[in-house]
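Note sheet for the following structure.
Residue indices begin at 1 and follow the sequence shown. What you see is a predicted model; the values in this text were computed from it and never measured.
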Amino acid sequence: MTSICRLASALAVVAVLAGCASPNHRAPVDDRVRTGPTPAAPITSSQPVRLPPGAENAGKPGYYTVKPGDTLIRIGLETGQTWRDIATWNSVSNPNLIEVGQVLRVVPPVAEAGTAAAPVAAAKPIASSRIEARPLESGKPASAASGGAKPTPPAASSSAASAAAPASDARDTSKDVKDSKDADEPAWIWPANGAIIGQFEEGKRKGVAIAGKAGDPVVAAGDGRVVYAGSGLRGYGNLVIIKHTGDYLTAYAHNQTLLVKEDQVVRKGQKIAEMGATDADRVQLHFEIRKQGKPIDPIKQLPTR
């Protein structure tokens with residue numbers, strides 16, 4: 001009887017094993033996922049590459065790509081613009097939130113487009129012709145007022161002007177060539193009275209260093225408007241930047257005290273700060289002249305002492 005039971009149990013085990021090997025058997029879901037081919041990563045899981053703001057304008061004239069360490073104040077100094085204008089042109093609400101690689105507009109939108117100047121230029125000849133036509137009617141009163149002198153006819157006047165033109169051109173040519181170098185340059189004065197202790201060096205020192213004592217007056221080198229007054233530009237300490245005519249900027253660094261505020265109009269010779277040693281190893285004034293953001297040697301622009 002025991003043998004029969006053992007035989008029956010063995011047959012039952014064989015039957016179970018045969019059933020597991022049946023082609024109709026399906027492995028658990030986990031096994032099928034684990035042993036099957038590895039599925040490709042879904043396309044939706046990849047994130048698009050984020051480009052810095054304004055990246056489509058990189059390399060275009062009138063645009064600047066932000067570098068490590070840049071601030072709007074430094075970018076303004078490097079491009080000859082005010083940091084407030086740059087913030088406005090680029091809709092930057094927080095001037096402290098710019099990122100490396102961001103591309104900023106550093107020229108006025110109208111100036112870049114070049115469309116506003118054309119209608120004005122076209123209108124000038126029309127206005128000029130109207131003005132020139134009026135004296136023809138007032139010729140008699142003008143003659144009477146001058147004691148009856150006979151007015152020169154327009155044609156004769158034109159001929160005289162034409163005849164005189166070559167001589168005038170010959171006299172003025174050399175003067176024009178001489179003055180054309182910096183015709184729009186302000187008439188600078190020295191911003192401080194101390195000795196020069198650091199010369200301008202192309203690519204190294206962007207201005208000159210003038211010695212002095214703490215509290216010595218620092219004056220505006222020319223008429224202009226203050227576009228920055230503060231200590232937000234590393235390496236310059238307490239700094240004043242003034243914008244002048246002809247795309248000129250002047251910078252006055254390392255001051256002990258600032259006496260002007262942004263947007264304030266200043267006159268040549270007006271005291272704007274007191275000399276100090278902020279961000280410097282000794283009392284001095286670091287003075288720069290820039291045209292369109294490019295530093296130029298102040299010694300060549302300032303009057304001879």
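- Annotation for Leu72 and Ala87: closest pair CD1-CB, 3.9 Å, computed over non-hydrogen atoms.
- Residues Val103 and Tyr64 are members of separate hydrophobic clusters, defined by side-chain heavy-atom contacts under 4.5 angstrom among Ile, Leu, Val, Met, Phe, Trp and Tyr.
- One distance of note links CD of Gln81 with OG1 of Thr88; it measures 11.5 Å at 0.5 Å rounding.
- Side-chain contact between Pro186 and Thr245: present, with at least one pair of heavy atoms (C-beta onward) separated by less than 4.5 Å.
- Listed for the His254 side chain is no donor-acceptor partner under 3.5 Å among the backbone atoms of Ala277.
- Residues Trp188 and Tyr248 place their aromatic rings such that the two centres sit under 6.0 Å apart.
- In this structure, the separation between CG on Leu104 and OG1 on Thr79 is 9.5 Å, given to the nearest 0.5 Å.
- A continuous path of ILVMFWY side-chain contacts below 4.5 Å connects Phe287 to Met275, so both sit in one hydrophobic cluster.
- With sequence neighbours excluded, no residue satisfies side chain to side chain donor-acceptor pair (under 3.5 Å) with Asp223.
- Smallest separation of non-hydrogen atoms from Val260 and Val226: CG2-CG2, 3.9 Å.
- Of all heavy-atom pairs spanning Asn90 and Ile86, the tightest one is ND2-O, 2.7 Å.
- Contact between Asp281 and Gln284 at its shortest, heavy atoms only, is OD1-NE2, 3.8 Å.
- Both Ile299 and Ile296 are part of a single hydrophobic cluster, where members link through side-chain heavy atoms under 4.5 Å apart.
- At distances below 3.5 Å, at least one donor-acceptor pair connects side-chain atoms of Arg74 with backbone N or O atoms of Arg234.
- Judged by distance alone, with hydrogens and angles left aside, the side-chain atoms of Gln102 form no donor-acceptor pair with the main-chain N or O of Val66 at under 3.5 Å.
- In this structure, CD1 in Ile289 is found 11.5 Å from CD1 in Ile242, a value given to the nearest 0.5 Å.
- A distance-only check finds a donor-acceptor pair linking the side chain of Thr278 to the backbone of Asn255 [under 3.5 Å].
- Ile272 is not connected to Ile241 by any chain of hydrophobic side-chain contacts under 4.5 Å among Ile, Leu, Val, Met, Phe, Trp and Tyr, and they are in different clusters.
- Side-chain atoms of Glu288 and Tyr236 include a donor-acceptor pair closer than 3.5 Å.
- In the displayed structure, Arg305 atom CZ is contacted under 6.0 Å by more than 12 heavy atoms of other residues, nucleotides or ligands.
- Trp190 contributes a side-chain N or O that, together with a main-chain N or O of Pro303, makes up a donor-acceptor pair within less than 3.5 Å.
- Residues Arg105 and Asn57 are not in side-chain contact: their nearest non-hydrogen atoms beyond the backbone lie 4.5 Å or more apart.
- Residues Ala229 and Leu258 approach most closely at C-CD1, 3.9 Å, considering heavy atoms.
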For a quick test of your reading: what N or O donor-acceptor pairs under 3.5 Å do the side chains of residues 199-222 make, sequence neighbours left out?
residue	atom	partner	partner atom	Å
Arg205	NE	Gln199	O	3.0
Lys206	NZ	Glu78	OE2	3.0
Asp216	OD2	Lys213	N	2.8

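- Linking ILVMFWY residues whenever their side-chain heavy atoms come closer than 4.5 Å, directly or via other members, places Ile196 and Val283 in the same cluster.
- Between Leu77 and Tyr228 the shortest side-chain heavy-atom distance does not fall below 4.5 Å.
- The minimum heavy-atom distance between Ala251 and Leu239, with the atom names listed, is CB-CD1, 4.1 Å.
- In this structure, OG1 in Thr71 is found 10.0 Å from CH2 in Trp83, a value given to the nearest 0.5 Å.
- Thr250 contributes atom OG1, which lies 12.5 Å from atom CD of Gln301 (distance to the nearest 0.5 angstrom).
- Of the possible donor and acceptor atoms, none in the side chain of Asn238 sits under 3.5 Å from a partner among the backbone N and O of Thr257.
- For the atom pair CZ (Arg225) and CD (Glu262), the distance works out to 9.5 Å, reported to the nearest 0.5 Å.
- Remark: side-chain polar atoms of Lys294 are not paired, donor with acceptor, to backbone N or O of Gly80 under 3.5 angstrom.
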